[in-house]
Every structure is written in C-alpha cells, then in structure tokens.
Amino acid sequence: MPDYNGSETEKKWQARWKEQKLYETNLAQPARPKYYNVTMFPYPSGDALHVGHWYNYSPVDTWGRVMRMRGFEVFQPMGFDSFGLPAENYAIKTGVHPAETTRANIDKMKEQIAAIGGMFDLSLNVETSSPEYYKWTQWVFLQLYKKGLAYRKEAPVNWCPTDQTVLANEQVEDGKCERCKTEVVQKNLRQWFFAITKYADQLLDYEGLDWPEKTVLMQQHWIGRKEGINIDYKVKGKDMGVVVFTTRPETNFGATFVVISPEHAQVAALTTAEHKQAVDDYLKETKKKSELERQMTDRKKTGVFTGSYAINDLTGYEMPIYVADYVLMGFGTGIVVGVPGHDLRDFEFAEAMGNIEIIRVIKGPNGEMDAITKAEQVQEDEGEIINSEILNGLKPREAISKMMDYMESRGFGKRVVNFRLRDWLVSRQRYWGAPIPIINCEKCGEVPVPEKDLPVVHPHIEDYVPKGTSPLATSEAFVNTACPTCGGAAKREVDTMDTFVCSSWYFLRYPDAGNTEAAWDKKRVDTWMPVDMYIGGPEHACMHLLYARFIHRVMHDLGHVSAKEPFKKLVHQGMVTKDGAKMSKSRGNVVSPDSFVAKYGSDVFRMYLMFMGPFTEGGDWSDRGITGVARFVERFYRMMTQDEKQAAGAAPLRGVGEGMDGLVHQTVARASEAIDKMNFNVAIAALMELTNEALQKPLNGAQKEMIVRLIAPLAPHLAEEVWEKLGHKESVFNESWPKADPKFLVQTSVTYGVQVNGKLRGTVELAADASKEDALAAARAVENVAKYLEAGIVKEIFVPGKIIGFVVKA
RNA sequence: GCACUCGUGGCGGAAUGGUAGACGCGCACGGUUCAGAACCGUGUCCGCUUACGCGGGUGGAGGUUCAAGUCCUCUCGAGUGCACCA
C-alpha cells in the first residue's frame, strides 16, 4: 500500500486546479448566489509570510470552500497594502528603493500564498502602490473633497529636531526619537483631515451587522458619544463669558471653580495683570512637555489661577478660573466646571490647589457627609441630591434632565452632543504613499486636480529618506505644474495620504479590479457588496474598520454603492504564540512556514494551525505537535484506500460499512457544526475519531465519499487525491457539502449516568425511548446505586437523553 | 487606573447547566525490526485499593440548583484595548 506523498500530490492538484480554472469567479454575473469572502490584505514587508498569515488565511480558505460546496459562487480575492511605513522603513534600512523591495516582496508573498493551495484570486493585482490603484484612491479623496469632507487645518506633529523629520507615534519611545534618542517636540503643520466626526452618529448604527460584541463596544467607546450641556458663565467684571461642557449638570450647585485648557484662546483675556507672570510660566512649562509627557504625569494635578472669576448663575458663587493641563482642548469646549465634591479629578485638583471649597450636593448611600478625606468617596452615582434647591430629594440620574430643562429655560445653557472621536488626519510627510491630488495656485488658491488628470503620478525619487517636508517636495518636476483653473504656474501638494485611506476601499476594487474608466462599476460592486465574511486581526477594531465604514458610507451617500455597510460578518483571528510568547524577531522565536510546508505539505501545515486551538482565540505553535496531524493524514489516506480485507485488526467486527452509518453521519453533523462556529480544531478532532474507528471497521464507498467531502475544505489536496482514487473524474469541490441524515443520528440506545445527590454512582444502558418509570427502575437496580438509595429517596430525576438522578436523605 | 477576554492533566486543548479531561502532543509498557526510525496495540487527572470500588479534583472563597468548568457575588493571576473625554 503506497503511502500518501503530500508534496507531490499537492503540486499535481494545484496544477490541475489552475489548468481547469476551477476557482475562477464569474464576477459580472455569478451563476449561483454570491459569497464575498475577504481577509484583510497584508502589507509586503521584507519578511515575507509568517505563520500568523497562514494561521489567518488557512481558515479563510477553508471557510470559502465550505461556502462553495454549499452552493455559493465564492469570490475570495487577495491584494497587497503596499504603500506605507513598513515598506519605507525597510527600504531605508536596506538602501534599496521601496518600489523595488515592494515588487520583490509582493512576488515572494504571491508564491507563498499560491503554496497554500487556496482559492485566493491573486490575478487581480490589487496593489495599493500601483498607479492603476492609487489613481482611484486619489479619486476617493476628491469625492470627499467635493462633499466638503476633506479640509485643511493646523495640527501638531511629533518632530525630531535632529533628524529634521516628522515621526509617527510608533516611532516615539518615551518621548524620544527611536533612532537618534533626541527629545521629540511638538510642531504645528497645516494638514489634511477627513471629517469623520460628521458621520459619528451614523457610525454608531450597527444594524444588521454580525460583528463580535467586543469590537462594537470598542468602536462605540472610540466614537464616545456624550450627551451634555454647554453652560454659559459670565466672567466677573469683564465683558465676556466662558462656556463649559458637562454631562453632570445636576451637581452644579456644588460647582466651586472653572478650569481652562492651556491651549484655549481665551486664556490671555482671562488672565489679570497680577497673575500674568505665573500663567505665562505655566504655559511655557506646558509647551515644553510633549503630549506623551503630559499623559505620563498621570494623576498629579497642576495649574495656576488666572485672577478671573466665573459666576455660577444658580448660586451666585464666584468660581475662580484656573489654567490646568488636565483639561483637553480637543474635547467639549476646552473649559470645564469643577465640582470637587463629586468628581475625582476635580477633587484631586482642589486638593492640589489647597484653597478650593468642596461642597457636597449628593448624599451617598451611606449618608456619610463629612468624610471626604478619601478620593474614592467622591464619585457618587447613587444617592440623593441635597443642598440644591430645586433638585433636592431627587436621584442624580433623574436630576440631570430636570437641571438641563431648567438651565435651558433660563438661558443658562444649551444641550449639546459631543464625541470623543476626532477628525481623521490623512496627510503624511512621507515618500511612500499616494500623492494628495491638490494643486496650490497663488491666484486661485487650493484647486483639486480634475478627475481626468488622475493619477497624480507618484514620482521616482532616489533620496526618499524623510526630511522636514515630504520628500516629494524635492522633485521639481513633480512640484511645478499648471493651475487647472487659470493655467498659471502652481505647485502640487507634496504630502502623501495615510495608508489607511488606501485600505479603506480596496474591497470595492476587487470585483472590478481591471476597470480603467472608473474606480468600480456600480452594478458590479452592488452584485458583490457587502462583504459576507471579513476576517482579520482584532488590532484593527478602531482604526481600519472604522475608516472603512466611514468611507463606505460616504460612497453610499454619493450614490456610488447601494449597501450602507461594507462588512456584514466580521471575525477576528487569535494570535499564534511560540512557547506562550508572542512571535517576534527580537525574541528569535519566529516560525517560518516554508520549511514545514516543504516537509509535511500544505494540508498538514494548515490543518495543524487549525487544530492548535479555537480560531478566534489563537494557539501555541509546537514543532512536535504538527506530527500528530501528519500521522492523521497518513491514517486518513490509509483508511480511505483500504478495502475490507485490509482492516488493521483481524476480520472486521461487522461487514464493511455496516454499523458505521451512525458514526459517519454523526461526524458530519458534529464537524459541520464546529466549522460553522469556526472551531476547526473540534471538526478535525471529530475526523480523527472517525478515522481511528474506521481503520478497524472499514467504511463502504458511500460513507467514504461523504467523509472525503467533509474533509475537503480542511485538506483540499488530500481530498482531491482520495476523491480521484474513489473513481471520480470531477473535482470534489464541485460536489455539495455533506449533510447528515437525521435517520442515522437517532440513537437506539443511550448510556445514562446515574447520580445520587449529584455524585455519579453508576451507568445504565437503556433504549432511547425508555419511559421514565423504566429508566428509574433500571437505575435503582444498579448494585452500586442501590446501596446509596437505602437512606431513603427524596426525589427522582429523569432527563431523557441526559441523566438519571436521585436525591436521598442526607 | 478603567473596560473587556481568559484561567481545565506534564503540554495544546474538548465539554447546548447533565458521566470533566474528547482529539492531539509527550510519556510508559508490549508488538514489529539485526538495530534504530517509522508504524501498530494498550495504558496515562491525583490519592487509596489485588480487585469491585472509594475519596478528591476545572486559579481561590462563597452562593443559586436535584446537578456548576459552565450561572451569580467577591477575590487572585494572565492577556488585550483605552489613557485625565468633563
């Protein structure tokens, strides 16, 4: 009996699939119901595919194959996120131009993906750094621009004074440049933004989406919708006011101070001559600190008095106004009202300042009013309002809206909704990205590049190491151009786009990747969108997945796509570890797939990755563990190719196939169910059990065919080989997904556990349709059970198919 | 600090509230072999017992239930996310 030769067999089938164009999708007009199966595309770094990619792609392919066998026309494309920092950094490190390294890496990765033997369509050439693609990324930018969703404003960046370059947050370590260790400073640049905040409310609508609850929760928090009220306070002795935002106005009778953010424009006007020096010093101190440092100072509150007072209309209280860096300019109004009796940060600030009065307006559940010595006692959600005139006796939650009504009716304030989400900064002062399609003309100002002139070709520049401005600025041929409006001399925008822009629409390009007339044909995209299954890492929960939803909704509003949401079902894969630790180059524990694929074949490798643990939870790689799956493949092949005479034991216990129908159908049912839940490990375990059994009691032809179809999505090459050996000419992937026949799932007998006072005391085998009386009688008769029943039965339990139980006197 | 997820043999992990440890790795013994590898078979939670069995057992402490790995409360530990969001 010949052994199964994985590598040989896999080559043979991969060639045959290609030749027969087995996985080609009819994109214009799917013959069967469509199924759009997408995995987050990789960026081609210099390190090629690692185990993590395989861990991700194998189940994606398995899932796609299952859906194909379930009668869907499956579209399973793959592209490359080839602009961006990793490629640029790799190029800087190696001294080879990013265009070259990117090309080489994509080719290498394509080879590797082909070696998986998946249904992935690599022929689409969706590569974000190619002009055929970024032409349309620029088009997307212009759509947003036209809608007023792309705009410019000043914004701070991390700046390294030594390298004269802008740093991404991830290039800053402890406030220092990761390369030269120079202190990083903040610098303001005029930059491009997408107004994602205009879609904040819409993005909170997750209707119809089958997403992990956790991801939705994270996005909701990221968007951070807060309903509150902007309260207007007059400033004592000045012809001005300050506006504060609060969500808890019901505590306003306890407000004793106001804090303004150091960046706020009103600081100067509020500062009196007497306090100018102190405030100026404080502002100078703050400016020195980078954003990171300000965050690191953690809880120690600092601040200075401006000399001005805001008047609380409710009480007439004159609230001193302070400048303090714990108040953020970017949220609310940049000014906060301090209620030290009932807000932890306000309490800490009051303590730090020393001379701020603390008034309590909520009686805690314990009623302890005087003991405000500890911070924990400050924040109260429960309790009863006191010292607050109109609100006295109310619960804080009820008091909120009453207070808002009251303030609005008196003109003290106005209800507002604020979001934590900020607009998306999309410009980068980097080389390896899509140029922003804008021209700056002295006469006409900011002019969008006409769509007919796209793409704005990314210039080839030899010195692409980042300088003060974008490297694109060094190419005169690129920068100098004619104004599309007046025809006069003008300069191109030199910033490039954040790669998240490129990756926020690629799934719209796949179905119509060759289109040179438009980013996509609406009809074509409507045929395939939304993505039915989107699989990728959980680290993209807030950025990529939110940006993609935003862009997609904008495209929807502009009438370019019909679906509202891009991703119907979302699944995150877990992480592969080695000896419990995250794989990383610095630890030196990175497992490369290639050698294992060469040794065991792709089927074994991918099945082991799926067998390691539940897909969504990840697993720990073990060089030894893979041998278990390798053995299983051998055994499976043997089981499938043996006839009754070759059964491993002596003569088969029963005739070929006889009696195995139950197990076969049960295995189909169990494995299908497990695969639906993405618990591939359990599905494989079920197949192993069946194989162990079937080596002793051979299967008949029909049973074998059922099992081959079942294993096909998990081990496609192996399945094809066996399918052919069983006498078939057509691919097994043109067959349907096996369905368990309920007739064979009906058990004729059940082994019941018998519990006495919750402890297992014996088992009894009964007919599946045994009556309660018969079951209890049989259970009582079990010798070991009987002796415990002597104490006297209090209660009898019979759960059909599950358990028999007795409760006896203690 | 806050939020979420997860704690089950030597290891990876199974288990719609119903016989905990499926399946695999490893290990032990036996077979096959000149020998080894590979392969095949048997065993493998812990303690006591020749055995039938008995007792304990899913990070820890309580609770609900005839019955808890699973549900609830507290607690300890690990991982992930967010970082003063008023």
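Every chain is numbered from 1, with letters handed out A, B, ... down the list of sequences.
The side chain of A/I797 approaches B/G18 more closely than any other nucleotide in the set B/C84, B/G18, B/G12. Here the nucleotide nearest the side chain of A/N681, chosen from B/G13, B/G18, B/C66, is B/G13. Listed candidates were B/A86, B/U19, B/G56. Nearest to the side chain of A/K759 is B/G56. Closest to the side chain of A/T246, out of B/A86, B/C25, B/G81, is B/A86. Out of B/C66, B/G18, B/A22, the shortest distance to the side chain of A/Q755 is found at B/G18. Distance from the side chain of A/I803 is smallest for B/U19 among the nucleotides B/C23, B/C25, B/U19. Here B/A86 is the nucleotide among B/G24, B/C39, B/A86 with the atom lying nearest to any side-chain atom of A/T247. Here the side chain of A/K787 is nearest to one of B/G53, B/U19, B/C40, namely B/G53. Taking the side chain of A/K214 as heavy atoms from C-beta on, and the options B/C25, B/U80, B/G55, the nearest nucleotide is B/U80. Residue A/W222 places its side chain closer to B/A83 than to any other of B/A83, B/A86, B/G26.
The residue A/F798 sits apart from the nucleic acid: no heavy atom pair falls under 4.0 Å. Using a 4.0 Å heavy-atom distance criterion, A/R670 is classed as making no nucleic acid contact. Contacts of A/N692 with the nucleic acid, taken as non-hydrogen atoms under 4.0 Å apart, involve only primed sugar atoms and P, OP1 or OP2. A/R635 comes within 4.0 angstrom of the backbone, heavy atoms only, and of no base. A/P614 comes within 4.0 angstrom of the backbone, heavy atoms only, and of no base. At a threshold of 4.0 angstrom between heavy atoms, the contacts of A/V336 include nucleobase atoms, whether or not backbone atoms are also involved. A/N784 comes within 4.0 angstrom of the backbone, heavy atoms only, and of no base.
Mapped onto RNA chain B by nearest heavy atom, A/V682 and A/S622 fall at different nucleotides, with A/V682 at the one closer to the 5' end. Nearest-nucleotide positions on RNA chain B for A/G758 and A/T763 put A/T763 closer to the 5' end.
Residue-to-nucleotide contacts include no donor-acceptor pair under 3.5 Å from the side chain of A/E539 to the base of B/G81.
On the P atoms, B/C6 is 11 Å away from B/C72, given to the nearest whole Å. B/U65 sits 45 Å from B/C84 when the C1' atoms are compared, rounded to a whole Å. Rounded to the nearest Å, the gap between the C1' atom of B/C48 and that of B/U33 is 41 Å. Rounded to the nearest Å, the gap between the C1' atom of B/C45 and that of B/U19 is 16 Å. Separation of the C1' atoms belonging to B/G30 and B/G69 is 36 Å when rounded to the nearest angstrom. Separation of the C1' atoms belonging to B/C23 and B/U5 is 25 Å when rounded to the nearest angstrom. For the C1' atoms, the distance from B/C2 to B/G9 is 36 Å, rounded to whole Å.
Rounded to an integer number of Å, the gap from A/K677 NZ to B/G13 C1' is 15 Å. Rounded to whole Å, atom C1' of B/C84 lies 12 Å from atom CZ of A/F331. Counting to the nearest Å, the P atom of B/A86 and the CD1 atom of A/I260 are 19 Å from each other. As rounded to whole Å, 13 Å separates atom P of B/C25 from atom CE of A/M607. What separates CZ of A/R420 from P of B/C84 is a distance of 8 Å, to the nearest Å. The nearest whole Å value for the distance from the CZ atom in A/F257 to the P atom in B/A86 is 16 Å. One interatomic measurement links the two molecules: CH2 of A/W621 to C1' of B/G13, which rounds to 16 Å at whole-angstrom precision. The distance between atom CE of A/M575 and atom P of B/A78, rounded to the nearest whole Å, is 16 Å.
Here OG1 of A/T627 is found 9.0 Å from NZ of A/K599. Values are rounded to the nearest 0.5 Å. Atom OH of A/Y752 and atom CD1 of A/I803 lie 10.0 Å apart (nearest 0.5 Å).
The closest donor-acceptor contact from the side chain of A/N312 to the backbone of A/L314 lies under 3.5 Å. A/S771 places a side-chain N or O within donor-acceptor distance of the main-chain N or O of A/D774, the cut-off being under 3.5 Å.
For the residue pair A/Y326 / A/E348, no side-chain donor-acceptor distance below 3.5 Å is found, with atom types taken as modelled.
The shortest non-hydrogen separation linking A/A694 to A/M639 is CB-CG, 3.6 Å.
B/G9 shows a glycosidic angle within 90° of 0 and is accordingly assigned syn.
Taking the ring axis of A/F798 as reference, the NZ or CZ atom of A/K772 does not stay both within 45° of it and closer than 6.0 Å to the ring centre. At least one cation-pi condition fails for A/R606 and A/Y600: the charged atom is not both under 6.0 angstrom from the six-membered ring centre and inside a 45 degree cone around its axis.
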